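The shown structure was predicted, so the numbers you read here are calculated from the model rather than taken from an experiment.
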Amino acid sequence: MPEVTSDLILAILIGFGSTMVQSLTGFGLSIVSTPLFLMVYDPKQVVLILQLICVVINIFFALALYKNIDKHFLWVLFIGSIIGQPVGLLIFQIAPNDTLKLFVGLTILVFLIISNLNHKVIKETDKKTAVTGFLSGILTTATSMGGPPLILYLANAKRDKVSMRATCIAYFAITNVSAIAIFLMGNTDFSFAFEQTIYLLPFCFVGLWLGNKLFPYLSQKMFNRIIFIMLLFSSLYTLYSAI
């Protein structure tokens with residue numbers, strides 16, 4: 001069992017809070033926790049810890065929300081992601097830590113700017129969905145944050161919050177499984193990440209339960225506002241920490 005330190009307590013609070021947001025929206029876990037975990041862990045360990053936490057949380061929650069998942073959309077997205085994940089692994093292996101932080105922050109900021117400049121409703125097509133999956137796959141293995149392309153795509157396609165939440169969670173569940181497999185094929189050492197994950201998971205499940213209880217009270221307008229705030233905070237904080 002890891003020694004209980006102030007850093008570990010902070011990590012527990014981050015895991016609890018970000019999982020609660022994940023339960024409310026379908027995508028908050030990595031976006032919220034990645035920049036905050038950088039205060040506690042090495043950037044590359046953050047990627048590995050979040051892969052392990054996310055695979056457990058997302059599989060558990062996806063099974064609970066199965067009936068609301070858009071299955072055709074999910075598989076097209078996943079095919080694109082599988083193609084992008086090896087590219088992300090290469091970035092993960094060769095990029096210095098500060099470069100990785102800048103990459104995370106700038107990626108989120110660019111997607112946020114695009115989202116706010118483009119007020120047209122996007123029509124979903126299999127081609128657009130596959131490209132979104134490809135970009136998300138790169139970010140999944142490079143930074144553990146595969147959410148921004150998918151979030152912005154679905155938000156601009158005006159998906160309702162129930163479908164968006166369930167489909168995002170299911171997508172992240174299967175991409176986390178494939179990402180871990182790719183990391184293992186690349187001989188990545190998960191020993192430290194596994195130790196930390198075992199300690200953090202119980203508190204993450206409490207956050208998951210609480211968020212699910214609060215979800216029915218979340219309006220579509222508030223749902224969209226949370227998306228914007230999370231992306232903006234995550235981007236600015238990550239850029240600040242890398243400078």
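Minimum heavy-atom separation, Thr141 to Val47: O-CG1, 4.0 Å. Here the closest non-hydrogen pair linking Ala62 and Ile69 is O-CD1, 3.9 Å. Residues Gly146 and Leu139 approach most closely at CA-CB, 4.0 Å, considering heavy atoms. Contact between Ser33 and Leu50 at its shortest, heavy atoms only, is OG-CD2, 3.2 Å. Listed here is the closest heavy atom pair of Leu150 and Cys168: CD2-SG, 3.8 Å. Scanning both residues, Ser23 and Leu208, for their nearest heavy atoms gives OG-O, 2.8 Å.
Between Leu48 and Phe92 there is a side-chain heavy-atom pair separated by less than 4.5 Å. For the pair Phe37/Ile14, a side-chain contact is recorded, criterion being any heavy-atom separation below 4.5 Å from C-beta on. Looking at heavy atoms from C-beta onward, Tyr171 lies out of side-chain contact with Thr132 at the 4.5 angstrom threshold. The side-chain heavy atoms of Leu200 and Ile49, taken from C-beta on, include a pair separated by under 4.5 Å. Between Phe194 and Thr197 the shortest side-chain heavy-atom distance does not fall below 4.5 Å. At least one side-chain heavy atom of Ile138 sits less than 4.5 Å from a side-chain heavy atom of Phe134. Between Phe190 and Leu184 there is a side-chain heavy-atom pair separated by less than 4.5 Å. Side-chain contact between Ile169 and Arg165 is present, with heavy atoms from C-beta onward closer than 4.5 Å.
Ring geometry for Trp75 against Phe78 counts as perpendicular: the plane angle is over 60°, on a 0 to 90° scale with 30° as the lower cut.
Considering CZ of Phe205 and CD1 of Ile57, their distance stands at 4.0 Å, rounded to 0.5 Å. In this structure, SG on Cys204 lies 4.5 Å from CD1 on Ile53, to the nearest 0.5 angstrom. Note that CG of Leu77 and CZ of Phe172 are 8.5 Å apart. Values are rounded to the nearest 0.5 Å. Interatomic distance, Ile12 CD1 to Leu8 CG, rounded to the nearest 0.5 Å: 4.5 Å. Of the inter-residue distances, the one linking Leu36 atom CG with Leu10 atom CG reads 7.5 Å to the nearest 0.5 angstrom. A distance of 14.5 Å separates CZ of Phe215 from CE of Met20, quoted to the nearest 0.5 Å.
A donor atom on one side chain and an acceptor atom on the other are not found under 3.5 Å apart for Tyr153 and Ser136. Side-chain polar atoms of Ser81 and Gln85 form a donor-acceptor pair below 3.5 angstrom.
Listed for the Thr129 side chain is a donor-acceptor partner under 3.5 Å among the backbone atoms of Thr125.
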**Request:** Before giving the answer on side-chain contact (heavy atoms from CB on, under 4.5 Å), spell out for Phe61 and Asn212 the whole-Å C-alpha distance, their side-chain angles and the decisive distance to 0.1 Å.
**Result:** CA-CA 10 Å; Phe61 209 25; Asn212 195 46; 3.6 Å; yes
**Asked** Taking it one step at a time, do Val55 and Gln51 satisfy side-chain contact (heavy atoms from CB on, under 4.5 Å)?
**Response** CA-CA 6 Å; Val55 75; Gln51 294 296 344; over 6 Å; no
**Verdict with reasoning, Val206 to Leu210, per side-chain contact (heavy atoms from CB on, under 4.5 Å)** = CA-CA 6 Å; Val206 174; Leu210 182 58; 5.6 Å; no
**Asked** Given Thr188 and Ile182, is the side-chain contact (heavy atoms from CB on, under 4.5 Å) satisfied, shown in steps?
**Response** CA-CA 9 Å; Thr188 306; Ile182 287 174; over 6 Å; no
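Annotation for Phe192: atom CZ counts as buried by contact number, over 12 foreign heavy atoms lying within 6.0 Å. Within 6.0 Å of NZ on Lys71 lie more than 12 heavy atoms contributed by other residues, nucleotides or ligands.
Taking hydrophobic clusters as Ile, Leu, Val, Met, Phe, Trp and Tyr residues chained together by side-chain heavy-atom distances below 4.5 Å, Leu74 does not share a cluster with Ile79. Val46 and Ile94 fall into different hydrophobic clusters, where Ile, Leu, Val, Met, Phe, Trp and Tyr side chains are chained together by heavy-atom contacts under 4.5 Å. In the hydrophobic clustering of this structure, Met185 groups with Val87; members are Ile, Leu, Val, Met, Phe, Trp, Tyr whose side-chain heavy atoms approach within less than 4.5 Å, directly or through other members. Both Val162 and Leu214 are part of a single hydrophobic cluster, where members link through side-chain heavy atoms under 4.5 Å apart. Taken together through direct or relayed side-chain contacts under 4.5 Å among Ile, Leu, Val, Met, Phe, Trp and Tyr, Leu201 and Leu63 form part of one hydrophobic cluster.
The side-chain hydrogen bond (donor to acceptor under 3.5 Å, both in side chains) test applied to Thr143 returns no partner, not counting sequence neighbours.
Side-chain contacts under 4.5 Å among hydrophobic residues (ILVMFWY), followed directly or transitively, place Val76 with no other residue at all.
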